[in-house]
Amino acid sequence: MSEIRVRFAPSPTGLLHIGGARTALFNWLYARHFGGKMILRIEDTDTARNTPEAVAIIFKGLRWLGLDWDEGAREDGGADGDRGPYFQSQRLPIYQRYVEQLLAADHAYREADGAVRFRLPRTPGVVKDLICGEITFDRSHEPDPTIFRKDGSPVFHFVNVVDDLEMRITHVIRGEDHLSNTHKHIAMFEALGATPPQYAHIPLILNPGGSKMSKRDEGASIGEYMEQGYLPAAVRNYLCLLGWSPKDNREKISLSEVVEKFDLAQIHRGNARFDLNKLYWLNGEYWKELTPSAYHAYARDYLARRGVNLAAVDDRYLDGALDIVREKIKLGRDLPDWLEPFLDEEFAYDEKSLTVTLKEPQAAARIEKIRAAFGAVADGEWTAAKLEETLKALAVADGVKVGGYVHPCRAGVAGRAVGPSLYHMLEVMGKERVLARLRRTLRKI
RNA sequence: GACCCCAUCGUCUAGAGGCCUAGGACACCACCCUCUCAAGGUGGACACACGGGUUCGAAUCCCGUUGGGGUCGCCA
């Protein structure tokens, strides 16, 4: 058997659609599993919405997901491989050559206005699909598809076939929305005297409402996940689970393992509905597993992208803050808010601190005691354990639960009712900063 | 409307005739842990769309109904 060649052929629409991303992923997995070639072709024939920015978004999304390709379009507009060009906008002469071939063989005919139609055979159209099985279409009443418009531009169905033929694609793995048209594609291959590729139609990703995901739907764009601070490994893992399963009750599975186990035969037949909850959870699983240095690097990069100025922040202080905040959140999106109390000495007080905790009659007295007790802690002993001991001793002396001291302390030092472990937060902030903040709060009350 | 595909908990799925009084995960609920919020732990509720067959036996096979999705463009 000859080499397996699969392709991902997106059109630049301004976003990398989640369904497209999964199609890319499944093609990639198939190629990697069988040692075949992955080809990227940009279907940029719709000049209206085809812009350099829109093309760049596709490259960016694929790179982010870690999907590489062996042949095809390059970011710089060039190409790797010798079956190009890989941008359809550069292939018009090829399409013209092929349409002439069809015309000459009477497999196509020209309308009065100049448009060209493919003469669809009236015999039953048989599609042998690797996922859906053998399907027969009755096309005795199907209209002949237009393959060239009257303005001289070629139509999708035709260019798709010509490109797959020219690029020697052996397996076409695409969304099920193309299934009903596949018999036409096969007929075109045959009219061109070529053997059609093997087709595999994967189920669609539906929005939570149950219809085809559109670009308007929340979560439809890979770009959203980048912005929200999802981890590419988690998104990739989630996408694998939509329509495919390792069959052993595991949810978290490494890419290399998926490559090893992947096959088209086990792809689920029904459409999958998109569920953000599971992705969110999965992201948390990957979030926990980041190595400290990978996490620090990721967080810095994310914060920078979100416009958080870290220039004045001490590196070790930031790392410490990042470390204790990490276990509280699941993705980058929550980083700026959780970090804010660490970074801003002029931090604001939240609703609960303002109206409840700091309003309680004993608040000032307790914070004063905390300040005094903390002030007495030796610099070398400023650890979470020591601070916990100190605060608890205060509570015991007062005959109150430790919460009676924890809450005002948290409000006094961070202005928030909710935050990371108080003792660890105090340790990271350091004695000097904590005392200064407590003094500031005292002045506020 | 015609044609095509699909049908297991709310969601993603395991299940290829007996192992299923249907398993896992997310979400949900309760309890535990606890300085808040999470995380974690324990437990719980929740599904084979319906009707006919076939078979000793059906979630699994067949037919029908219903439901959902897709395609029928000189969009891609």
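So that the names make sense, note that chain A is the first sequence line, chain B the second, and so on, each numbered from 1. The structure displayed is predicted, hence computed values, not measured ones.
A donor-acceptor pair under 3.5 Å is formed between the side chain of A:Arg326 and the backbone N or O of A:Trp287.
Among the atoms of the strands shown, none is found under 4.0 Å from any heavy atom of A:Phe148. Among the atoms of the strands shown, base atoms are found under 4.0 Å from some heavy atom of A:Ser421. Contacts of A:Lys288 with the nucleic acid, taken as non-hydrogen atoms under 4.0 Å apart, involve only primed sugar atoms and P, OP1 or OP2. Among the protein residues, A:Lys212 comes within range of the sugar-phosphate backbone only, with heavy atoms under 4.0 Å from sugar or phosphate atoms but none that close to a base. The residue A:Asp113 sits close to a base: some heavy atom pair falls under 4.0 Å. At a threshold of 4.0 angstrom between heavy atoms, the contacts of A:His201 with the nucleic acid are absent.
Counting atom types as modelled, A:Asp151 pairs no side-chain N or O with a base atom of B:C74 as donor and acceptor under 3.5 Å. Checked by distance alone, A:Lys150 brings no side-chain donor or acceptor within 3.5 Å of a matching partner on the base of B:C74. Applying the 3.5 Å distance criterion, the base of B:C75 shares no donor-acceptor pair with the side chain of A:Ser11. Between the side chain of A:His157 and the base of B:A76, at least one donor-acceptor pair of N or O atoms lies under 3.5 Å.
Pair assignment for B:A59 gives none, since no Watson-Crick or G-U wobble pairing has each distance under 3.5 Å. Nucleotide B:C9 forms no Watson-Crick or G-U wobble pair with any nucleotide shown, as no partner meets the under 3.5 Å limit on both distances. Remark: B:C28 base-pairs with B:G44. Criterion, Watson-Crick or G-U wobble with two distances under 3.5 Å. Partner assigned to B:G17 is none, using Watson-Crick or G-U wobble distances below 3.5 angstrom. Remark: B:C33 base-pairs with no nucleotide; criterion is Watson-Crick or G-U wobble with both hydrogen-bond distances under 3.5 Å. Base pairing of B:C72 is made with B:G1, judged by Watson-Crick or G-U wobble geometry with both donor-acceptor distances under 3.5 Å. B:A49 is paired with B:U65 under the criterion used here, namely a Watson-Crick or G-U wobble arrangement in which both key atom distances are under 3.5 Å.
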Which atom pairs link the protein and nucleotides 12-20 of chain B when you take only N or O atoms and keep those under 3.5 Å?
from: B:C12; atom 1: OP1; to: A:Arg273; atom 2: N; distance (Å): 2.7
from: B:C12; atom 1: O2'; to: A:Leu241; atom 2: O; distance (Å): 2.9
from: B:C12; atom 1: O2; to: A:Lys278; atom 2: NZ; distance (Å): 3.2
from: B:U13; atom 1: OP1; to: A:Gly243; atom 2: N; distance (Å): 2.5
from: B:A14; atom 1: OP1; to: A:Lys247; atom 2: NZ; distance (Å): 2.9

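The same atom, P, is picked in B:A14 and in B:C6; the two are 15 Å apart, to the nearest Å. To the nearest whole angstrom, the two C1' atoms, one in B:C9 and one in B:G15, are 14 Å apart. Taking the P atoms as reference points, B:C12 lies 16 Å from B:C48, given to the whole Å. Taking atom C1' in both B:G67 and B:U21, the straight-line distance is 28 Å, to the nearest Å. For the C1' atom pair drawn from B:A58 and B:C19, the interatomic distance equals 15 Å after rounding to whole Å. Between the P atoms of B:A7 and B:C61, the separation comes to 9 Å (whole Å). On the C1' atoms, B:A47 is 24 Å away from B:G53, given to the nearest whole Å. For the P atoms, the distance from B:A39 to B:A30 is 14 Å, rounded to whole Å.
Rounding to whole angstrom units, CZ of residue A:Phe137 and C1' of B:A2 are separated by 13 Å. Here B:C37 presents its C1' atom at 12 Å from CG of A:Asp350, a figure rounded to the nearest Å. Rounding to whole angstrom units, CG of residue A:Asp177 and C1' of B:A76 are separated by 10 Å. A:Arg250 has its CZ atom 17 Å from the C1' atom of B:C26, to the nearest Å. Across the protein-nucleic acid pair, A:Met425 atom CE and B:U34 atom P stand 20 Å apart, rounded to whole Å. Taking atom CG on A:Asp337 and atom C1' on B:A38, their separation rounds to 14 Å, with Å as the unit. Look at CG on A:Leu179: it is 12 Å from P on B:C72, rounded to the nearest Å. Distance, A:Arg269 CZ to B:G69 P: 18 Å, rounded to whole Å.
When distances are taken from the side chain of A:Leu204 to each of B:C75, B:C37, B:G70, the shortest belongs to B:G70. Closest contact between the side chain of A:Ala115 and the listed nucleotides B:C74, B:C5, B:G70 involves B:C74.
For residues 93-118 of chain A, the salt bridge (charged side-chain N to carboxylate O under 4.0 Å, His left out) pairs, not counting sequence neighbours, are A:Arg97-A:Glu166, A:Glu100-A:Arg110, A:Asp106-A:Arg119, A:Glu111-A:Arg117. Listed by first and then second residue, the salt bridge (charged side-chain N to carboxylate O under 4.0 Å, His left out) pairs that reach into residues 393-404 of chain A are A:Arg366-A:Asp398, A:Lys369-A:Asp398, sequence neighbours excluded. Residue pairs meeting the salt bridge (charged side-chain N to carboxylate O under 4.0 Å, His left out) criterion with at least one partner in residues 5-30 of chain A, sequence neighbours excluded, are A:Arg5-A:Glu71, A:Arg7-A:Asp164.
Pairing each heavy atom of A:Ile222 with each of A:Gly61, the nearest pair is CG2-CA, 4.4 Å.
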Residues 233-240 of chain A side chain polar contacts: donor-acceptor under 3.5 Å, at least two apart:
from: A:Arg236; atom 1: NH2; to: A:Ile253; atom 2: O; distance (Å): 2.5
from: A:Asn237; atom 1: OD1; to: A:Ile253; atom 2: N; distance (Å): 3.0
from: A:Asn237; atom 1: OD1; to: A:Tyr286; atom 2: OH; distance (Å): 2.5
from: A:Asn237; atom 1: ND2; to: A:Glu251; atom 2: O; distance (Å): 3.0
from: A:Tyr238; atom 1: OH; to: A:Asp275; atom 2: N; distance (Å): 2.9
from: A:Tyr238; atom 1: OH; to: A:Asp275; atom 2: O; distance (Å): 3.1

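For the OP1/OP2 pair of B:G70 and a distance below 4.0 Å, the side-chain nitrogens and oxygens of A:Arg174 include no atom meeting the criterion. Dashed line: the shortest gap from a side-chain N or O of A:Thr146 to OP1 or OP2 of B:C74 is under 4.0 Å.
A:Ile147 has its side chain within reach of A:Leu102: a pair of non-hydrogen atoms, C-beta onward, lies under 4.5 Å apart. For the pair A:Ile202 and A:Trp244, the minimum side-chain heavy-atom distance is 4.5 Å or more.
Between A:Phe59 and A:Phe87, the two ring planes are tilted [angle within 30° to 60°].
Put simply, the residue from A:Asp350, A:Thr355, A:Thr357 that forms a side-chain hydrogen bond (donor to acceptor under 3.5 Å, both in side chains) with A:Ser353 is A:Asp350.
Two rings, from A:His33 and A:Phe262, have their centers 6.0 Å or more apart.
Interface residues of residues 407-420 of chain A facing RNA chain B, ordered by number: A:His407, A:Arg410, A:Ala417, A:Val418, A:Gly419, A:Pro420; criterion, heavy-atom separation under 4.0 Å.
Both A:His424 and A:Asn277 lie near RNA chain B, and the one whose nearest nucleotide falls closer to the 5' end is A:Asn277. RNA chain B is contacted by both A:Trp338 and A:Leu276; A:Leu276 maps to the nucleotide lying nearer its 5′ end (nearest heavy atom per residue).
With hydrogens and angles left out, the side-chain atoms of A:Tyr349 and A:Thr441 include a donor and acceptor closer than 3.5 Å. A:Ser11 and A:Thr13 share no side-chain donor-acceptor pair at under 3.5 Å.
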